[in-house]
There are 2 protein chains.
Amino acid sequence: MSKSNNVYKDAYNRCLRLLDETRSLPSEPELGALLGVSRTTVRSILARMEETGLIAWNKRAKTVLRDPHPDDFFPEEETDTLAEIIERSFMRRLLAGGAEAGMQINELELAREIGVGTTSVREFLIRFSRFGLIEKRRNSHWVLKGFTRAFALELTEIREMFELRSAAAFAALPQDSPVWADLDRLEDEHRQLARDIATRFNEFSELDERFHRLIHRASHNRFIVDFYDVIAMIFHYHYQWNKAQERQRNEVAVGEHLAYIEALRSRDLGKVDAACRKHLKSARQTLLTSIPESRQPARA
Amino acid sequence: MSKSNNVYKDAYNRCLRLLDETRSLPSEPELGALLGVSRTTVRSILARMEETGLIAWNKRAKTVLRDPHPDDFFPEEETDTLAEIIERSFMRRLLAGGAEAGMQINELELAREIGVGTTSVREFLIRFSRFGLIEKRRNSHWVLKGFTRAFALELTEIREMFELRSAAAFAALPQDSPVWADLDRLEDEHRQLARDIATRFNEFSELDERFHRLIHRASHNRFIVDFYDVIAMIFHYHYQWNKAQERQRNEVAVGEHLAYIEALRSRDLGKVDAACRKHLKSARQTLLTSIPESRQPARA
DNA sequence: TTAATGTCTTTTATCGTGAAAAAACATTTT
DNA sequence: AAAATGTTTTTTCACGATAAAAGACATTAA
């Protein structure tokens, strides 16, 4: 099968949504920049749009002929990266239980189960290993360390260390730094979400990530910034898995974020530290309660 | 070519060194455990040793017939992992200069230059990416971030954060913890090295790594422990590259380690903190002086 | 009956191959 | 001439295939 054309399909779908808004499409390089793909892919998209009668395409002229129909879109599941597919599949097994710590991971079996080549699985495991949930035995198999209480504690320990430092760095940024405007915008979004929390509570997860990433970036340290990938990944699946009291949890978190933002704006390091600690403590608590006490590592 | 038999060759060489010491070899499983390889590999080794007349092998009896000759050994370069070969090759290019930050990395070109397949290079790059020296552009090439001053500062910032915490955790360990015995042994080795520093100064690098890893392990945090891989890698190549005043630098470092060890043993957190800071500060200085000021990132 | 050896099976590591996508180059249009 | 389009070349991504190495099972020796 060699390589799936998910980049094309995903970009095609996103391009379809653009069609609603305009009567004609921009130049090829412009479209490429907009969709985040190369001109080669843009041209494939345009070619298909012409074929299906969505646009008339003649050199520079790309006139929209009709609005896209639901079945003009490629199915969602065909737009995912192989890496995403493997990760989802792997995390499902991991969190669904039955994946005891100490268990060994079989590349070939995983590949067959997901229906992909071994190379992709191998590359996934290597990439995934930095999350600290799996480990490779020298010239042998991978071992599952398990999503345990210990893991959550180790993760949050680093998170707290890094975020306290980043928050302090943030508060120390000069008044004319563009981050303050970013912070204003995020505060607005928080206030809006707080108002409509009853219906929009599930949008918090995404806002949460953007907020914390903004703070971590103030550290100007690639290791701190990159570590947020680990946190984001874990919380992403945690949110998907543990829906208990989601609304209430998120409502509390939004409140904590707003206090945190105010503390940052005060530039009072004591206040920043306190607000940051308080929020991280409850975030840790949420994560911990989602991990069953029983899950203990199988062997040393 | 599919797969090189470097595991076999390396284990064979190590097994040859065992021959000097005994008149007969232990059982296959025992040998496997000793050499860190499977019985399959052990049997290949024994088979060859029999062929070349090094041993007489009949079931349990594995009698040594003669001492190994220098050309019984496989050449050193055939015992390296592909990953090691690629890493060395890559780091040489990186440190040899001419590798400007912002430059793009070509998998195929690298693979051809080193004489390996693209898959191995890809896997290496993925693994290597956690060191923060390269970065992947979404569905496109890798970009070199460069071994810059900024990199060294970011690295050491985290190192200091982690090691101060680990050292504090270490000092707080109960008296009956086995780490104190490990520390004693390391102290001895330091004292011996200090005595013969004039001739053995190049042995410091390895001792340094063992010492710091012992301390980091006290954190009981996988992210802290794993981060030492980044430090070890950087310092490993740094030591190889920058030989200026090596003897003197190492002599100073050994002294600092001894003070650090004493502080740990005093279990006085103030002293530990001071000794740790002092040593890390000079380690950072050493690293920084090896990076030419001129090397600036090419683009944003 | 335990622990070794002997044999067979499974898994990992690496390569070459081919399609998708990017990037580079050439040509045309404004 | 600058920026688009048209065309060609490179590079990345993913696969199946194959040898090395690990692991499992069967048999034999102490």
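We use all heavy atoms of the structure for the numbers below, so side chains are in, but hydrogens, waters and symmetry mates are not. So you know, we letter chains A, B, ... as the sequences are listed, proteins then strands, and number each from 1.
- Mapped onto DNA chain C by nearest heavy atom, B/Val116 and B/Glu28 fall at different nucleotides, with B/Glu28 at the one closer to the 5' end.
- Protein atom CD of A/Glu107 is 11 Å distant from nucleotide atom P of C/dT14, rounded to whole Å.
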Atom pairs and distances, donor-acceptor, side-chain atoms in residues 13-21 of chain A, under 3.5 Å, two or more places apart:
from	atom 1	to	atom 2	distance (Å)
A/Asn13	OD1	A/Phe74	N	2.8
A/Asn13	ND2	A/Phe74	O	3.0
A/Arg14	NE	A/Asp10	OD2	3.3
A/Arg14	NH1	A/Leu35	O	3.0
A/Arg14	NH2	A/Asp10	OD2	3.4
A/Arg14	NH2	A/Leu35	O	3.1

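- The residues A/Arg88 and A/Glu84 are annotated as not salt-bridged, no charged nitrogen and carboxylate oxygen being separated by less than 4.0 angstrom.
- The rotation axes computed at either terminus of the helix from C/dT1-D/dA30 to C/dT30-D/dA1 lie 30° apart, taking five pairs at each end and rounding to 10 degrees.
- With salt bridges taken as basic N to acidic carboxylate O contacts below 4.0 Å, one links A/Arg66 and A/Asp72.
- The aromatic ring centres of A/Tyr237 and A/Phe147 sit 6.0 Å or more apart.
- D/dA21 atom P lies 19 Å from atom CG of A/Asn106, rounded to whole Å.
- Here A/Ile231 contributes atom CD1 and A/Leu155 contributes atom CG; the two are 5.5 Å apart, rounded to the nearest 0.5 Å.
- Considering only the side chain of A/Ser2, C/dA19 comes nearest among C/dA13, C/dT11, C/dA19.
- Spacing between atom CG of B/Leu31 and atom P of C/dA3 amounts to 18 Å, rounded to whole angstrom units.
- In this structure, A/Tyr228 and A/His216 have tilted ring planes: the angle between them lies in the 30° to 60° band.
- Spacing between atom CD of B/Glu109 and atom C1' of D/dT10 amounts to 11 Å, rounded to whole angstrom units.
- Rounded to whole Å, atom P of D/dT7 lies 7 Å from atom CZ of A/Arg43.
- Residue-to-nucleotide proximity on DNA chain D shows that, of A/Val121 and A/Glu30, the 5′-proximal contact is made by A/Glu30.
- The OG atom of A/Ser89 sits 9.0 Å away from the CZ atom of A/Phe124 when rounded to the nearest 0.5 Å.
- Listed pair B/His141 / C/dA23 meets the phosphate criterion, a side-chain N or O lying under 4.0 Å from OP1 or OP2.
- For A/Arg39, the listed nucleotide lying nearest its side chain is C/dC25; candidates were D/dT18, C/dT7, C/dC25.
- Of the charged side-chain nitrogens involved, at least one lies within less than 4.0 Å of a carboxylate oxygen, so that B/Arg93 and B/Glu113 count as a salt-bridged pair.
- Note on A/Lys59: a side-chain N or O is less than 4.0 Å away from OP1 or OP2 of C/dT29.
- Across D/dT12, D/dT5, C/dA19, the shortest atom-to-atom separation from the side chain of A/Arg60 is found for D/dT5.
- Atom-to-atom distance recorded for A/Glu28:CD and A/Thr41:OG1 is 11.5 Å, nearest 0.5 angstrom.
- Within residues 3-10 of chain B, the residues having any heavy atom under 4.0 Å from DNA chain C are, by residue number, B/Lys3.
- Comparing A/Trp142 and B/Asn58 by the nucleotide of DNA chain C that holds the closest heavy atom to each, the one mapping nearer the 5' end is B/Asn58.
- Taking atom CG of B/Asn139 as the reference point, atom C1' of D/dT10 lies 16 Å away to the nearest angstrom.
- Looking at heavy-atom distances under 4.0 Å, B/Ile105 makes contact with sugar-phosphate atoms alone, never a base.
- Distance, B/Glu50 CD to C/dT5 C1': 14 Å, rounded to whole Å.
- In terms of phosphate contacts, A/Ser140 brings a side-chain nitrogen or oxygen within less than 4.0 Å of OP1 or OP2 of D/dG23.
- Residue contacts shown for A/Leu110 are absent, as no nucleic acid heavy atom lies under 4.0 Å away.
- Comparing C/dT11, C/dT5, C/dA13 against the side chain of A/Arg112 picks out C/dT11 as the nearest.
- With D/dA17, D/dT5, C/dT5 as the candidates, the nucleotide lying closest to the side chain of B/Lys62 is C/dT5.
- Within the 4.0 angstrom heavy-atom criterion, only backbone atoms of the sugar-phosphate kind lie near A/Ser27; the bases stay farther away.
- Between B/Thr118 and D/dC13 there is no side-chain N or O to OP1 or OP2 distance below 4.0 Å.
- A salt bridge links A/Asp229 with A/Arg213: the distance from a Lys NZ or Arg NE/NH1/NH2 to an Asp or Glu carboxylate oxygen falls below 4.0 Å.
- With hydrogens and angles ignored, no donor-acceptor pair closer than 3.5 Å exists between the side chain of B/Ser44 and the base of D/dA21.
- Between B/Arg137 atom CZ and D/dC13 atom C1' there is a gap of 19 Å when expressed in whole angstrom units.
- For D/dA22, the OP1/OP2 oxygens have a side-chain nitrogen or oxygen of B/Thr41 closer than 4.0 Å.
- Under a 4.0 Å N-O distance rule, the pair A/Arg130/A/Asp226 does not qualify as a salt bridge.
- In this model, a side-chain donor or acceptor of A/Thr40 finds a partner on the base of C/dA22 within 3.5 Å.
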